[in-house]
Amino acid sequence: MKLSTTTKSLDQVAKKYCRLIVTEDAPNVHRLVETKDGTLEYRLGAGKWKQMTPRKFRLFLRSIVQAAKSHQIEYLAIQIQWPLFPKLEKTYGLEWVYATVAENLLLAAYEFTAYKSKKTDKKQLKEILICGGLNKEAEAGFKRGQVVGHYTNLTRDIANTPGEDMTPNKLAAAAKKAVTGTKAKVTVLDHKKIKSLKMGLLDAVGKGASDKPRLIRIDYSGGMKSEQPIVLIGKGITYDTGGINLKPTGALHEMHMDMSGGAAVIGAIAAIAKLGLKKNVIALIPAAENSISDKAMRTGDILTSMSGKTVEVLNTDAEGRLVLADALTYTEKHLNPKAIVDCATLTGAALVALGQRANAVMTPNKKLQSDLERLGEESGDLTWPLPLWDEYKEGLTSSRADHTNMSGPADRLGGSVVAGAFLALFAPKNIPWAHIDIAPRMVSIPSDKLAKGAAGEPVRLLVKFVESH
Ligand code: BES
Ligand code: MN
Ligand code: ZN
């Protein structure tokens, strides 16, 4: 779908365009009418304009695309000088308004069709035309939103791809493809390099698979040479069988998306580079397939991490924290970061705690916590805090090694905070760090008004975070 703009007003556009008329009816009230001169008008409720909020606004924008799809409208014209804007514009700025428009129209238009053998015979939405002319600020927002929307959809493509076609090595290739045409540079650390860096945790998680682990590093230098980088780490488990602690049926079928954190940092840094933000950013994706074979890591194995700390494996399904731990140590030793944010589909427990409407944030840094909450609300990638207290580390002591990778095989309580506490053992001290457990938002839910499958979170949040940090 193409997004375009015109200085014409809504009633001046060519007849092929269906014109969207926004009403103050409830958001579920809509009607397609043919006017006397043969043009189509689509009347869509947005709810009371005075009560418009960012959350409602995003859903309203997506419902425009949903409506166009269900009525098989090919060309749609909309005008954004509605009375509903003053409030949003006043609070968030015109740039935000237009960025939100572009982002959400693109996100709603997305469908994952790469593996469909036949094209649908339904008419496709070809173009949305934004009428009324855009001033400089609006134009800037609109362009920004298109970039962020595009790369969020690219993230969804990567995450939706079957594990077979998105092995660690293929994920590295996807990262290279994602940043082509930008100033970001990809370096792939292969298995030999991983072993020579003594990344024993990343190595162990990948041992059961024939496709060996990779550490994917993407550097973007948009800032001054002297400026320390912001490091974005994304979990890149390309398929999570659970390992010897095999996941049961029902918990497995979505595990090709266990690299959603990795896909998100790829999308985010590609968008940041495309936007030319004046920041230094490094994305890091520890990528491995958590598979089963006689070569796979076992429970009871004692692994030596890059940090030198040893870890007793109590459960091979707690693999995400292992690969992230080595990535955190690599960050500390080699990247001299200003701040670190990791995102990972880390625990099913985060879904139990929050349902599917918010990502969980764990950080010892109150400022980061509140920034991520506020920017989540602005971007649409909502986050909510869980505690990251030292007390939770107590469960991770081992009689056989320095730490265990979970707190007791039978203990399923507070799984997300225990995972966060494990990461905290490896996070560099005195550098602001936040962990985002994105398992709750790995896939969309029907009320998101997005295609089924990967939700592409938290690309929008990460871009905003880097921009405002
Ligand atoms: N990738 C899973 C977590 C997950 C579950 C993500 C559902 C998205 C949806 C992770 O590697 C995992 O298996 N975690 C275990 C940890 C446990 C063994 C301590 C879990 O959540 O059960
Ligand atoms: Mn797992
Ligand atoms: Zn996993």
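Only a predicted model underlies this, so the values are computations on that prediction, with no experimental measurement involved. Each ligand, and each atom within it, is numbered from 1 in the order the structure gives.
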Per-atom contacts, ligand 1 versus [X] - under 4.0 Å to a heavy atom:
{"X": "M406", "answer": "19 (C)"}
{"X": "A439", "answer": "6 (C), 8 (C)"}
{"X": "N315", "answer": "18 (C)"}
{"X": "T347", "answer": "3 (C), 21 (O)"}
{"X": "T345", "answer": "1 (N), 2 (C), 3 (C), 6 (C)"}
{"X": "K247", "answer": "2 (C), 12 (C), 13 (O)"}
{"X": "E319", "answer": "11 (O)"}
{"X": "L351", "answer": "7 (C), 9 (C)"}

In terms of residue, atom name and distance, what is the protein heavy atom nearest to [atom]?
{"atom": "atom 10 (C) of ligand 1", "value": "L346 O, 3.2 Å"}
{"atom": "atom 2 (C) of ligand 1", "value": "D240 OD2, 3.6 Å"}
{"atom": "atom 16 (C) of ligand 1", "value": "R321 NH2, 3.7 Å"}
{"atom": "atom 17 (C) of ligand 1", "value": "R412 NH1, 3.9 Å"}

query = Any side-chain donor paired with an acceptor under 3.5 Å for N169 and D211?
reply =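 No pair is found: no donor N or O on one side chain lies under 3.5 Å from an acceptor on the other.
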request  = Check the side chains of T383 and N359 for a donor-acceptor pair under 3.5 angstrom, ignoring hydrogens and angles.
outcome  =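 Their side chains do not contain a donor-acceptor pair, so the 3.5 Å distance test is not met.
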Answer with side chain, backbone, both or neither: which part of [X] has a heavy atom less than 4.0 angstrom from an atom of ligand 1?
{"X": "R441", "value": "neither"}
{"X": "V418", "value": "neither"}
{"X": "D317", "value": "both"}

Derivation of the side chain to side chain contact (heavy atoms under 4.5 Å, CB included) call for L335 and Q228 = CA-CA 8 Å; L335 303 182; Q228 293 169 276; over 6 Å; no
key: Which N, O or S atom of D240 lies nearest to the Mn ion (ligand 2), by name   =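 The D240 atom nearest to the Mn ion (ligand 2), restricting to N, O or S, is OD2.
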task = Provide the atom name of the closest N, O or S atom of E319 relative to the Mn ion (ligand 2).
result =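 So the atom name we want here is OE1.
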query = So does K69 have more than 12 non-hydrogen atoms from other groups sitting under 6.0 Å from NZ?
reply =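 More than 12 within 6.0 Å, yes.
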Ring-face cation of K309 near F426 (centre distance under 6.0 Å, axis angle within 45°) =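 Judged by the rule, K309 and F426 form a cation-pi pair.
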For the Zn ion (ligand 3), what is the closest N, O or S atom on [X]?
{"X": "D240", "result": "OD2"}
{"X": "D258", "result": "OD2"}
{"X": "E319", "result": "OE2"}

key: Contact check: D317 to the Zn ion (ligand 3), N/O/S below 2.8 Å   =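 Checking D317: none of its N, O or S atoms is under 2.8 Å.
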request  = Check whether any N, O or S atom of K235 sits under 2.8 Å from the Zn ion (ligand 3).
outcome  =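 A backbone or side-chain N, O or S atom of K235 is under 2.8 Å from the Zn ion (ligand 3).
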query = In terms of side-chain geometry, is the basic nitrogen of K235 or E319 positioned less than 4.0 Å from the acidic oxygen of its partner?
reply =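 Salt bridge between K235 and E319, a charged N being under 4.0 Å from a carboxylate O: yes.
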Residues E227, K338: salt bridge by 4.0 Å N-O rule =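 A salt bridge is present here (some side-chain N lies under 4.0 Å from a carboxylate O).
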message = Is there a side-chain contact between E312 and N405 in this structure, where contact means two heavy atoms from C-beta onward sitting under 4.5 Å apart?
response =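 When only atoms from C-beta onward are counted, N405 and E312 do not touch, as no gap falls below 4.5 Å.
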ask   = Do the non-hydrogen side-chain atoms of E457 and R156 ever get within less than 4.5 Å of each other?
value =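 Sidechains of R156 and E457: no contact.
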message = K185 vs D219, test: salt bridge (Lys or Arg N to Asp or Glu O under 4.0 Å). Steps then yes/no.
response = CA-CA 5 Å; K185 293 266 171 312; D219 287 63; over 6 Å; no
Side chain to side chain donor-acceptor pair (under 3.5 Å) evaluation trace for H256 with D165 = CA-CA 10 Å; H256 60 286; D165 291 340; over 6 Å; no
task = Closest by any non-hydrogen atom to atom 5 (C) of ligand 1: pick that one out of G348, G320, A251, A344.
result =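 Looking at heavy atoms only, G348 sits closest to atom 5 (C) of ligand 1.
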ask   = Where the closest heavy atom to atom 9 (C) of ligand 1 is concerned, which of K235, M255, M257 has it?
value =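 The nearest heavy atom belongs to M255.
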Given V265, L284, I285, the one that forms side chain to side chain contact (heavy atoms under 4.5 Å, CB included) with L232 =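 Only one of V265, L284, I285 forms a side chain to side chain contact (heavy atoms under 4.5 Å, CB included) with L232, namely V265.
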task = Can you label the angle between the F57 ring and the F60 ring as parallel, tilted or perpendicular, going by 30° and 60°?
result =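 Answer is parallel, since the angle falls under 30°.
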query = Would you say T316's side chain and G242's backbone share a donor-acceptor pair under 3.5 angstrom?
reply =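 A pair under 3.5 Å: yes.
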